[in-house]
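Report on one structure; see the data block that follows.
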Amino acid sequence: MATSDFVKFSGAVKANIEAFLRANNKAIADYLGFCPISEYENYRISDSTFVFNLRGFIEAEKLGTQVLREVNKSIFDENIVAEVLQLEKRVNESLKLGLSLVSV
């Protein structure tokens, strides 16, 4: 996968995860609002800014499957699966022929 493809792919994943977080903003507010005071104080950076453990939120709210769906959308939207399969085929063909995998 070329660097530009990776940048495009990672941008798509980021956009889908951001959309997921926006769609779950009430659950995030509840997670922050009902967490222990010590955690809340650690998460709070300013009056309206919080930095919290996203993994902890996803696990606590049982949203792992939903997050995976969002990432999968990115993969299929960007045709990454087809590209990976094509690259895998090229690698296998190169290995059969005893060729180097280094790009020239």
Side-chain angles (χ1 to χ4, degrees):
M1 181 180 311
T3 303
S4 62
D5 292 334
F6 178 76
V7 170
K8 184 178 176 184
F9 170 68
S10 63
V13 171
K14 180 181 176 187
N16 282 355
I17 294 300
E18 287 173 349
F20 164 79
L21 292 173
R22 280 191 297 280
N24 286 284
N25 63 356
K26 184 179 180 327
I28 292 170
D30 288 345
Y31 177 77
L32 293 171
F34 294 109
C35 70
I37 292 172
S38 61
E39 287 181 31
Y40 180 88
E41 289 172 349
N42 287 333
Y43 297 154
R44 187 171 179 248
I45 303 302
S46 66
D47 285 343
S48 62
T49 304
F50 294 83
V51 176
F52 64 98
N53 181 338
L54 188 55
R55 182 178 180 174
F57 163 72
I58 290 168
E59 289 174 355
E61 298 299 315
K62 297 178 178 34
L63 296 173
T65 302
Q66 195 173 352
V67 169
L68 288 175
R69 283 187 192 130
E70 294 302 318
V71 172
N72 282 339
K73 282 183 195 176
S74 304
I75 292 171
F76 292 109
D77 288 349
E78 295 301 320
N79 298 316
I80 295 298
V81 172
E83 290 179 33
V84 168
L85 291 174
Q86 183 181 18
L87 288 171
E88 181 181 30
K89 182 179 176 182
R90 285 178 42 204
V91 166
N92 287 334
E93 288 170 358
S94 296
L95 291 173
K96 285 179 187 175
L97 297 173
L99 300 175
S100 171
L101 298 177
V102 179
S103 297
V104 182

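No experiment lies behind these values; they were computed from the predicted model shown.
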Quiz item: Is any side-chain heavy atom of L63 closer than 4.5 Å to a side-chain heavy atom of F20?
Solution: yes

Quiz item: Does L68 CG have over 12 foreign heavy atoms under 6.0 Å away?
Solution: yes

Quiz item: When rounded to the nearest 0.5 angstrom, what distance separates CG in N25 from CG in D30?
Solution: 10.0 Å

Quiz item: Minimum heavy-atom separation for E70 to I17, with atom names?
Solution: CB-CD1, 4.3 Å

Quiz item: Linking Ile, Leu, Val, Met, Phe, Trp and Tyr through side-chain heavy atoms less than 4.5 Å apart, which residues share a cluster with V51?
Solution: I45

Quiz item: How many angstroms lie between atom CG of L21 and atom CG of N16, to the nearest 0.5 angstrom?
Solution: 11.0 Å

Exercise. Provide the closest heavy-atom pair for Y40 versus L32 in the form atom of the first, atom of the second, distance.
Key: CD1-O, 3.2 Å

Quiz item: Of all heavy-atom pairs between I28 and F57, which one has the smallest distance, and what is that distance?
Solution: CG1-CZ, 3.4 Å

Quiz item: Could you state the interatomic distance from CD (E88) to CZ (R90), rounded to the nearest 0.5 Å?
Solution: 12.5 Å

Quiz item: Which pairs pass side chain to side chain donor-acceptor pair (under 3.5 Å) with one or both residues in residues 56-66, sequence neighbours excluded?
Solution: R55-E59

Quiz item: Does any non-hydrogen side-chain atom of F50 lie less than 4.5 Å from one of Y31?
Solution: no

